[in-house]
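To start, the structure under review is shown below, and the notes come after it.
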Amino acid sequence: MANKISAVRGMRDFLPFQKRKRERVLQIIREVYQKHAFTEIETPVVEDYDILHSGLGGDNEKLSFSILKRGISDKPYTTEKLKAAELCDLGLRFDLTVPLARYYASNQAALPQVFRAVQIGPVWRAERPQQGRYRQFVQADIDIIGEFSMLAELELITATAAALNRLGLRDCVIRINDRRVLLSLLKHCGFNADDFNRVLITIDKLDKIGFAGVIEELVANEFAASAVAKLEPFLSGVAALPAGIPLTVAAIAEVMPEEVQNDALAELAELGDSLVSILPNGVTAEFDPTLVRGMGYYTGTIFEISHPGSGSSVGGGGRYDGMIGRFLGEQVPAVGFSIGFERIIDLVELPEDSAQEQKIALIADKDCAAPQQLVKLKSELLALGKQPHIVWRKKNMKPVFAYLAAEGFTEFANVNSALAAAELNIKTFETV
RNA sequence: GUGGCUAUAGCUCAGUCGGUAGAGCAUCGGCUUGUGGUGUCGAGGGUCGCGGGUUCAAGUCCCGUUAGCCACCCCA
């Protein structure tokens, strides 16, 4: 009976070879971030319902899994329609940023003034699953809390670029924008402030549905016609560009309306200037004035990583100076950058681990070898630094050898009468 | 949350115009082979995702439902 028992919707089991690859990729990410002076922390996967629903998570709040109050299931169900907030007091985290802000507010006294954190772990969203999109997935975040200056952005971008580079990913593009630029642009065009978010969502689709598609959607949504008309030349200008916009004063001035020139744009140019010489090969940074990002908590710079091998972004982040203040009452600046682990895992190709030459398969004959003798032999080999793996001889050894080869075994020995390690006739697999 | 496609053995899949289920691999056993990957004969294993309906008869047609994939919404 197929599919009767399976992992729950949108959540996955990992086979040994998948788990092995995931751990190796995570290990590389950890090493790079550690070298860049970020320290790893851990927070619970469950947070207070009110923390998760403080209006900072944007649409993700609606997608969060909530946890019923203890004891409530023992009470008789009523027909009264209760709100989730009355039935639930906890929830699974939908990202790592909101928990980090809570963590900082809880532990500020024990943390350095400028805190560089790595957080890697699963998060949950009740989305409809599809390729590259799951209800449980791993995020790998780095954040710098307590740094007002651009130093934070620069350190985050260079550390993330270094991690992508170490993973062998080429052709990564970090697209950068600033929330303040977007707001200034919309204000300049004369959009109603209440419409800002909806207008931004449409602008964000420029690279996907094109100039005509964006205008069509803006008109369909009945935003102020004069504002749409004023936005039009800017959008057509951006859409017509053959390649990305370099992060330079000149290039930025060329695409942005004059009235939108402000501090944020100057900072972006400065950022670009600093990045030019320090980004590794295979990672480039560019200005994308139509980059929006859905998370409501961003207040300044925002970034997203694109890779030709993935239809959607493989990472993203930005500055969220207001969030920690919500929990702490005192304004603390913060910037974060997240690698979309699930989306890079399929793009990454790692060379085989060279540390597998110690793996030896012991092919035991059921007639000649008893379990206690085999385990004794295994102990001897372990003491010699080997990694012994016992298998019974079967009628057809083809699947067994296929499995051993896939697991990276390079040596094997037949165990019949030879039961001391020294007596084994060790043979090697021919390289396939 | 919206729409489209799909669901048959442990795995990969076939099953024609509606007529009660098939293959390869895997598993188990006999014989063969004799320890570097055999050969051969045979066996077990299925409420055809689940629930309804049409029909003398449904894996096959219709409706619902669940799950997967794809496109939206949104996102990592």
Side-chain angles (χ1 to χ4, degrees), chain A residues 1-13 15 29 57-64 93-97 119-141 160 197-198 200-202 204-205 208-209 213 217 221 291-296 298 302-307 310-318 336-347 361-369 391-405 409 411-418 424-432:
Chain A
M1 195 154 297
N3 302 333
K4 223 14 187 313
I5 295 178
S6 59
V8 306
R9 177 165 215 203
M11 307 196 188
R12 298 161 296 162
D13 294 325
L15 293 170
I29 293 172
D59 269 9
N60 291 333
E61 290 190 12
K62 285 182 254 165
L63 298 171
S64 72
R93 62 188 181 197
F94 50 75
D95 71 8
L96 297 176
T97 308
Q119 204 183 176
I120 295 173
V123 302
W124 291 264
R125 293 179 198 172
E127 289 193 279
R128 190 146 169 175
Q130 67 180 259
Q131 187 59 257
R133 196 168 179 178
Y134 307 97
R135 288 185 158 194
Q136 174 179 324
F137 59 97
V138 169
Q139 287 192 326
D141 275 29
T160 301
N197 279 333
R198 286 166 60 220
L200 288 178
I201 285 169
T202 303
D204 196 27
K205 296 180 193 170
K208 211 166 190 178
I209 61 177
E217 197 170 308
N221 282 330
L291 175 67
V292 174
R293 291 190 61 73
M295 308 303 254
Y298 291 122
I302 44 180
F303 8 89
E304 207 160 277
I305 310 168
S306 302
H307 187 276
S310 170
S312 40
S313 75
V314 297
F337 208 156
S338 174
I339 288 185
F341 176 71
E342 310 293 349
R343 290 182 176 169
I344 60 157
I345 189 77
D346 291 330
L347 302 174
L362 302 175
I363 300 171
D365 222 314
K366 265 186 175 154
D367 302 335
C368 310
V391 294
W392 292 118
R393 171 162 299 283
K394 312 209 77 160
K395 180 170 157 178
N396 181 3
M397 290 301 287
K398 206 169 172 178
V400 178
F401 278 104
Y403 168 79
L404 292 173
F409 280 80
E411 294 181 336
F412 74 99
N414 293 306
V415 181
N416 35 55
S417 54
L424 284 177
N425 179 17
I426 295 174
K427 306 173 188 182
T428 55
F429 288 106
E430 277 171 21
T431 40
V432 183

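Chain letters run A, B, ... following the sequence lines, proteins first and then strands; every chain starts at 1.
If you check rC74(B), rA76(B), rU35(B) against the side chain of Ile201(A), the one that comes closest is rC74(B). The Lys398(A) side chain lies nearest to rU38(B) when the options are rC75(B), rU38(B), rA76(B). Which of rC70(B), rG36(B), rA76(B) sits closest to the side chain of Gln131(A) comes down to rC70(B). Considering only side-chain atoms of Lys427(A), the nucleotide from rG36(B), rA26(B), rG68(B) that sits closest is rG36(B).
Close to rC74(B), at under 4.0 Å from its OP1 or OP2, lies no side-chain N or O of Asn60(A). Between Arg9(A) and the phosphate of rA67(B), there is a side-chain N or O to OP1/OP2 separation shorter than 4.0 Å. At the phosphate of rC74(B), neither OP1 nor OP2 sits under 4.0 Å from any side-chain N or O atom of Arg125(A). Here Lys205(A) does not reach the OP1 or OP2 of rC72(B): none of its side-chain N or O atoms lies under 4.0 Å away. Listed pair Gln130(A) / rG68(B) fails the phosphate criterion, with no side-chain N or O lying under 4.0 Å from OP1 or OP2.
Base pairing in RNA chain B gives the following stems of 3 or more Watson-Crick or G-U pairs, range against range and under 3.5 Å: B:1-7 with B:66-72, B:10-13 with B:22-25, B:27-31 with B:39-43, B:49-53 with B:61-65.
At distances below 3.5 Å, at least one donor-acceptor pair connects side-chain atoms of Arg125(A) with backbone N or O atoms of Phe94(A).
In this structure, Phe137(A) forms an aromatic stack with the base of rA76(B), since both conditions hold: centre separation below 5.5 Å and plane angle below 30°.
Summary of the strand contacts: Pro129(A) and Ala402(A) both lie near RNA chain B, and taking for each the nucleotide with the nearest heavy atom, the more 5' one is attributed to Ala402(A).
Applying the 3.5 Å distance criterion, the base of rG3(B) shares a donor-acceptor pair with the side chain of Arg128(A).
For the P atom pair drawn from rU8(B) and rC50(B), the interatomic distance equals 10 Å after rounding to whole Å. Atom C1' of rG42(B) sits at a distance of 39 Å from the matching atom of rC56(B), rounded to the whole Å.
Shown here are the salt bridge (charged side-chain N to carboxylate O under 4.0 Å, His left out) partners of Glu342(A), two or more places apart in sequence or in another chain: Arg12(A), Arg22(A).
Between Asp141(A) and Phe337(A), every side-chain heavy-atom pair lies at or beyond the 4.5 Å cut-off.
If you check every strand for non-hydrogen atoms under 4.0 Å, Gly10(A) touches sugar and phosphate atoms only. If you check every strand for non-hydrogen atoms under 4.0 Å, Phe412(A) touches a base.
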